[in-house]
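Everything quoted here is computed from the prediction, not taken from an experiment. In what follows, chains carry the letters A, B, and so on, assigned in the order in which the sequence lines appear, proteins first and then strands, with residues in each chain numbered from 1.
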Amino acid sequence: MRIFMAIAWRNVMRNKKRSFITAFAIAVGLTALIFMWSLFDGVYPMMIENMTSVFMGHIEISDPRYVEKPILDNAIVDGGPILEALAANPDVESYSPRLTTFGLVSFGENSQGAAIIGIDPELDRNLGLIDDFVQEGGTFFEGDDRYGIVIGATLAKNVDAGLGDEVLLVTSNRFNNLAYLGPLPIVGIVKSTVPEFDASTVFVDRLTLAREIFVDTSVVYTNPDAEVTDIAGVLTSVAVRVKDQHKLEQVRDDLQQLMPPNARVRTWSEIAPWFKQALDIDVVFGYIVLAIVLIIVVAGILNTVLMSVMERTREFGIMRALGTKGWQIFTTVSLESVFLGLLGLVIGSVCGIGLTLIFGQIGLDLYGSFDESMMGQFYILDSVLYPTLALDHFIITCVLIMVAVVLVSIYPARKASKMEPVAAIKALG
Amino acid sequence: MRNLDSALLALLILASVSLAAIAQEDINATEIIERMENLMRSDSAYTEMTMDIVTPDWRRSLEMRSWDDRAGKRSLIHILNPARDRDTTFLRIDYQLWMYLPRAERVIKIPPSMMLQSWMGSDFTNDDLVRESSLINDYTHELVGIEEIEGLPSYVLNLYPKEGAPVTWGRIEAAISVDPFVPVRQRYYNRRGELDKEMIMSDIRDVGGRQIPVTWTMRTTDKQGHATVMHIERIDFNVDIPERIFSQQYLRNPR
């Protein structure tokens with residue numbers, strides 16, 4: 001066996017140019033596959049992250065009735081135990097209770113409808129979803145800013161208000177009575193990746209909002225149970241980030257056990273099933289692209305290996321004439337392919353990993369030529385893509401290429417082993 | 001026994017004759033509506049009233065006063081109580097509505113998007129305050145008959161909106177008591193023919209020199225157990241309203 005390996009290796013080394021072209025074809029194919037797969041691996045988590053990061057979180061807890069009909073009557077008013085359960089759960093990275101209502105943002109002569117979202121500044125900052133998008137000069141409720149508001153950039157522009165301007169928030173309370181907050185100074189302006197969000201959202205301190213819309217001194221309760229006693233437990237949803245995305249379902253089930261009966265725990269794919277479906281379709285499409293690339297790569301390798309065998313018809317004829325057996329030639333040719341494959345694998349891996357790591361650092365700017373208004377349509381995609389190398393996907397790629405190389409070498413190897421010595425020698429020279 | 005029977009019969013005949021006589025006398029539906037509108041409305045009025053908002057779980061009570069210049073399409077409502085809402089004031093000029101928010105010391109103009117929202121938690125909307133529709137001019141009137149409504153023999157009329165009239169209802173069923181001549185009930189049906197709101201007017205008193213029902217109870221069909229009860233404490237018909245009442249200055253300082 002060793003002798004065939006030696007012969008095969010000598011054959012590979014004998015025609016350096018031909019061997020290099022073959023190995024290069026394999027290397028280029030491998031590089032392309034590694035890079036493309038890494039690109040997909042980088043894009044999907046980014047899409048999920050962008051989708052979940054702007055507001056949703058990985059997990060959301062809310063009353064199903066609120067999801068159906070977002071009115072204050074369907075808010076959770078005894079959310080204390082929910083927040084305690086989240087604080088105690090080791091798999092939860094961060095969480096943020098929110099109290100959302102709808103109203104009017106009024107500044108000067110201008111007013112505009114908006115979602116008014118009460119948040120707990122510290123908790124929401126830990127979550128980092130909105131905090132990350134606060135524009136220069138502003139803050140997300142730091143220190144004494146707690147009683148100001150943070151406003152979406154487009155909304156601020158629409159009411160013609162800037163940092164420091166005092167705006168009024170007008171809404172209805174739980175008793176449908178007129179409720180309003182302010183005038184409150186704008187302490188921060190938010191510009192996220194979601195245009196709709198920037199045009200329709202203001203943030204205030206949750207307790208301040210809860211006090212205004214869940215407490216009404218003019219109300220006389222005829223049903224004492226209807227009175228909200230713990231303002232800190234008033235919320236319409238809680239956004240949760242988990243430490244490990246792979247344990248998402250498990251964390252959801254764990255949390256659901258601890259929830260009061262009116263609270264439901266949902267993962268992002270349950271909150272936005274359309275997004276999950278779109279993503280799944282995208283993944284399938286990604287695999288189709290990978291399969292096509294693989295076929296092209298295999299065809300290239302087949303072509304190169306086949307040509308290198310055909311070129312050597314005379315050589316094999318002489319070997320047969322000297323008494324070499326068919327299976328010995330078959331083994332030699334196969335081994336040649338394996339050597340070439342391994343060579344291509346090493347070069348391709350180095351190139352593929354190198355390329356992935358380089359672009360993983362500097363990023364691949366796909367939408368550099370697009371203007372901002374167009375970007376709005378693709379807010380789930382960043383303009384710069386960062387490929388990430390997944391070890392399992394890398395190994396799968398290498399194995400696939402190696403198997404392909406060995407498989408495509410069978411045909412030319414068989415062809416070489418079956419040659420009639422005389423005919424072969426007489427043939428091409 | 002026989003005597004009693006004939007006496008009853010005589011009474012019945014008498015009753016039906018007099019009912020027929022009343023029906024004969026006032027057969028014109030439009031005239032009934034005009035007469036009712038003349039009773040209930042005037043070119044201008046000053047009103048003091050309370051509004052009780054009742055739900056299954058809680059109730060609220062508001063006290064307010066208002067100036068209504070119907071001819072000039074202007075009105076001002078000033079909330080006097082409770083403390084939380086004191087001095088909240090609404091100024092309506094034509095189809096525009098401003099409100100003064102005393103705790104914020106700001107005036108805002110209510111945008112179209114907020115017009116269909118509940119007014120101060122009641123069964124009325126902001127839109128109800130500015131909508132200027134006339135039961136006389138915007139509807140065609142049809143007398144259905146005389147029925148006993150809320151314990152009073154009453155004319156029952158169907159009012160259908162005229163083509164292009166600025167009204168939201170598909171039909172209003174109005175019941176007006178024959179004697180005394182006062183409205184007792186109005187039912188508002190939407191365009192699909194479903195009962196949307198019902199207003200019952202009761203408690204006939206002498207206010208402002210007129211005999212009118214002073215308690216008006218509004219119920220919305222899809223809000224079980226909810227009601228808005230208005231009670232007119234005082235009403236002055238055809239008063240001279242000072243021009244300053246309908247100004248932004250007065251809106252900000254309605255004292």
Side-chain angles (χ1 to χ4, degrees), chain A residues 69 71-73 77 101-116 147 149 155 158-159 161 165-185 200 204 208 211-229, chain B residues 50-64 77 79-90 96-126 129 218 220 222-228 248:
Chain A
K69 198 177 178 201
I71 57 171
L72 292 178
D73 277 343
V77 293
T101 187
F102 300 91
L104 210 61
V105 176
S106 171
F107 178 67
E109 295 289 295
N110 308 312
S111 52
Q112 184 100 26
I116 300 169
Y147 297 105
I149 71 157
L155 182 57
N158 287 347
V159 296
D165 285 337
E166 297 201 324
V167 302
L168 192 62
L169 305 181
V170 184
T171 181
S172 298
N173 69 11
R174 185 191 170 214
F175 314 96
N176 277 325
N177 194 6
L178 191 62
Y180 47 99
L181 286 177
L184 293 168
S200 65
V204 290
T208 311
R211 234 171 256 130
E212 179 65 18
I213 64 176
F214 274 82
V215 178
D216 189 326
T217 53
S218 69
V219 163
V220 178
Y221 290 93
T222 46
N223 170 11
D225 293 342
E227 186 167 6
V228 174
T229 45
Chain B
T50 59
M51 183 185 263
D52 292 319
I53 296 155
V54 182
T55 80
D57 292 334
W58 47 265
R59 57 189 170 79
R60 283 175 59 226
S61 213
L62 297 166
E63 271 173 51
M64 65 190 85
I77 303 173
I79 311 275
L80 302 167
N81 267 318
R84 180 190 187 273
D85 301 311
R86 184 169 299 146
D87 288 343
T88 304
T89 307
F90 293 82
Q96 303 184 92
L97 190 60
W98 289 267
M99 62 180 167
Y100 173 65
L101 305 172
R103 280 183 285 135
E105 296 181 353
R106 290 266 182 107
V107 169
I108 74 161
K109 190 178 172 201
I110 295 177
S113 61
M114 259 177 87
M115 288 310 268
L116 288 174
Q117 287 182 11
S118 162
W119 183 77
M120 300 299 288
S122 70
D123 285 278
F124 296 93
T125 63
N126 290 322
L129 299 188
M218 179 75 118
T220 307
D222 59 10
K223 281 157 95 184
Q224 276 290 317
H226 287 243
T228 301
Q248 296 281 337

Proximity breakdown for [X] and chain A, heavy-atom pairs closer than 4.5 Å:
X	result
B:Asn81	neither
B:Glu105	neither
B:Thr55	backbone

Qualifying residues under side chain to side chain donor-acceptor pair (under 3.5 Å), relative to B:Asp87, sequence neighbours excluded:
B:His78, B:Arg255
With a 4.5 angstrom heavy-atom cut-off, could you sort out which part of A:Glu166 is near chain B: side chain, backbone, both or neither?
both
Best-contacting candidate, B:Pro82, B:Ser118, B:Ala104, against chain A by heavy atom pairs under 4.5 angstrom
B:Ala104
Picking from B:Thr88, B:Ile53, B:Ile108, B:Leu62, which has the most non-hydrogen pairs under 4.5 angstrom with chain A?
B:Ile108
Would the distance check show the side chain of B:Asp57 and the main-chain N or O of A:Asn223 forming a donor-acceptor pair, the cut-off being under 3.5 Å?
no
Whether the side chain of B:Ser122 engages the backbone of B:Phe124 through a donor-acceptor N/O pair (distance < 3.5 Å, no angle test) should be reported.
yes
Thinking salt bridges, do A:Arg174 and A:Glu212 make one under a 4.0 Å N-O criterion?
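Looking at A:Glu212 together with A:Arg174, the answer is no, because their closest N to O distance does not fall below 4.0 Å.
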Below 4.5 Å, heavy-atom pairs only: which of A:Asp225, A:Thr217, A:Leu104 has the largest tally toward chain B?
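Of A:Asp225, A:Thr217, A:Leu104, A:Leu104 has the most heavy-atom pairs under 4.5 Å with chain B.
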Of the listed residues (A:Ser106, A:Ser172, A:Pro183, A:Gly103), which shares the most heavy-atom pairs with chain B below a 4.5 Å separation?
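Of the candidates given, the most pairs with chain B belong to A:Pro183.
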Looking at residues at least two apart in the chain, or sitting in another chain, which of them share a salt bridge (charged side-chain N to carboxylate O under 4.0 Å, His left out) with A:Asp216?
B:Arg84
Within 45° cone and under 6.0 Å: B:Arg106 NZ/CZ vs B:Tyr100 ring:
no
